[in-house]
Amino acid sequence: MTDTTSCQSPALDDASLSADEARQRMLDSVAPITHAEKVPVRNALGRILAADVIAPYDVPAHDNSAMDGYAVRFESLASDGETALSVVGSAFAGNAFSGLVGRGQAVRIMTGAVLPAGADTVVVQEVTRVTGNTVFVPAGQKQGQNTRRAGEDLARNAIALPAGKRLGPAELGLIASLGIAELSVRRRLRVAFFSTGDELASIGSPLAPGEIYDSNRYTLYGLLTRLGAEIIDLGVVPDRAEALEAALREAAEIADAIITTGGVSVGEADFIREILARLGHIGFWKLKIKPGRPMAFGRIGHAWLFGLPGNPVSVMVSYAQFALDALLRLSGVDPLPVRPLLPVAAANAIRKQPGRREYLRGRVTEVDGRWQVFTLPHQGSGILRSMSEANCLVVLSEACAGVQPGEAVDVQLFDGLY
Ligand code: AMP
Ligand code: MG
């Protein structure tokens with residue numbers, strides 16, 4: 001751990017932390033993996049740049065036309081009335097006009113075509129009138145109009161994309177526009193995960209009395225696949241000391257991060273606390289939030305452990321609010337994504353006690369031309385269906401003591417979280 005935070009410090013263990021403190025402690029603790037590898041552009045989606053991408057030449061490479069029309073020399077145009085120009089050729093995208101545009105001349109030009117020598121201005125075809133080889137241009141044109149300048153998107157040797165950037169569709173296109181076929185990206189983060197609980201059965205086997213199917217591993221599979229991690233599914237681990245210890249040891253050997261679900265609530269934490277204390281430096285936190293109050297965080301060997309609660313909704317909330325950005329930082333993302341909280345009018349009243357931050361499943365919906373957010377009726381932290389019906393989390397601050405219909409609440413859209 002870094003000096004700013006130590007899971008060994010007594011203050012961290014059993015700490016009652018605000019959501020902001022917990023998030024900051026995690027972010028301050030983790031440092032990015034450094035190993036890089038080369039991948040072709042198409043395999044780079046979701047990957048993180050290990051080095052700046054430098055523009056090898058100007059983009060666009062030449063001055064060119066932004067419109068279909070006529071390339072002219074601005075000084076040819078009269079300040080009032082029409083100017084008659086003789087059309088001396090044409091320029092198409094990918095097929096330039098090789099001559100010079102002189103005074104009194106024009107070249108028919110298409111969008112994207114290289115601006116011919118001598119021309120500095122493009123007149124859109126809609127305002128012109130053509131008779132034979134003569135084009136008539138009305139007054140009121142501006143010098144340089146409808147042209148795109150060489151290097152206006154990117155100048156040669158400029159940083160096109162900085163190291164730490166996570167590559168999305170725009171970045172893949174931008175990289176291709178530079179003619180770059182291969183990139184240096186951080187290696188994928190290796191994340192091992194397992195579920196804990198004697199009551200858990202895996203899909204494909206029938207349920208014995210009292211058992212439930214393990215859903216958390218499937219949710220985590222989805223979350224971590226979206227994250228772009230290399231995932232290592234270690235299955236279900238029963239609530240037995242030797243089994244847990246073996247799973248944690250194995251995970252810490254092979255992964256950069258370990259995510260466990262279950263076993264961190266008051267009744268169960270004592271049991272794994274002893275194992276974790278033996279294996280590494282782990283703090284148990286009681287977060288001032290709902291849902292997802294208990295959580296463990298710390299280090300086993302070289303691996304970071306995120307001990308999430310067992311309830312399926314708590315898993316998703318604590319993943320998004322705490323683990324996600326720590327995992328992104330570990331992966332090398334820099335700066336971390338901005339996650340706006342958007343104010344939206346509450347469609348319904350919401351009850352809340354002050355003192356903790358609450359995350360409610362909501363649906364942002366347009367009603368009569370106005371965007372509103374409804375909180376879903378079933379907010380139990382075991383009710384995963386409402387996570388599927390929701391499109392946002394309504395985030396109520398610690399100080400909030402309830403919401404009246406029409407009042408603005410902060411909303412965090414699922415986009416980018418899940
Ligand atoms: P725990 O944190 O282990 O006390 O679990 C809290 C609740 O979440 C209990 O009702 C568990 O049965 C449930 N739970 C724990 N792990 C899972 C899982 N992997 N899939 C579905 N439910 C779970
Ligand atoms: Mg359990």
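Just follow the structure's listing: the first ligand is 1, and inside any ligand the first atom is 1.
If you check which protein heavy atom lies closest to atom 22 (N) of ligand 1, you get Ile212 CD1, 3.4 Å. Scanning the protein heavy atoms around atom 5 (O) of ligand 1, the nearest turns out to be Gly310 CA, 3.7 Å. Counting protein heavy atoms only, atom 10 (O) of ligand 1 is closest to Asn311 OD1, 4.2 Å. For atom 4 (O) of ligand 1, the nearest protein heavy atom (residue, atom name, distance) is Glu268 OE1, 2.9 Å.
With ligand atoms numbered from 1 in the order given, ligand 1 contributes 20 (N), 21 (C) to contacts under 4.0 Å with heavy atoms of Tyr213. Close contacts between ligand 1 and Ser195 involve ligand atoms 19 (N) [criterion: under 4.0 Å to a heavy atom].
Of all the listed residues (Leu384, Asp214, Thr219), Asp214 holds the heavy atom that lies closest to atom 19 (N) of ligand 1. Between atom 16 (N) of ligand 1 and the options Val236, Asn216, Asp198, the minimum heavy-atom separation is to Asn216.
Residue Gly263 places at least one N or O, backbone or side chain, under 3.5 Å from an N or O of ligand 1.
When heavy-atom distances to ligand 1 are checked against a 4.0 Å cut-off, Ser215 comes that close through both its backbone and its side chain. In Glu199, the part holding a heavy atom less than 4.0 Å from any atom of ligand 1 is the side chain.
Of the residues listed (Arg339, Arg357, Arg23, Gln412), the one engaging Gln321 in a side-chain hydrogen bond (donor to acceptor under 3.5 Å, both in side chains) is Gln412, and it is the only one.
Between Asp68 and Ile109 the shortest side-chain heavy-atom distance does not fall below 4.5 Å. Between Gln145 and Val123, some side-chain heavy-atom pair lies under the 4.5 Å cut-off. The closest side-chain heavy-atom distance from Ile282 to Arg299 is not below 4.5 Å. Side-chain atoms of Val364 and Gln372, non-hydrogen and from C-beta on, never get closer than 4.5 Å to each other.
Taking both residues in full, the closest heavy atoms of Leu330 and Ala31 are given as CD2-O, 3.4 Å, listed atom of the first, atom of the second, then distance.
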Would Val264 and Leu308 satisfy side-chain contact (heavy atoms from CB on, under 4.5 Å), going step by step from the backbone distance to the final call? CA-CA 7 Å; Val264 289; Leu308 307 185; over 6 Å; no
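Taking the six-membered ring where the residue is Trp, the centroids of Phe297 and Phe306 are separated by under 6.0 Å.
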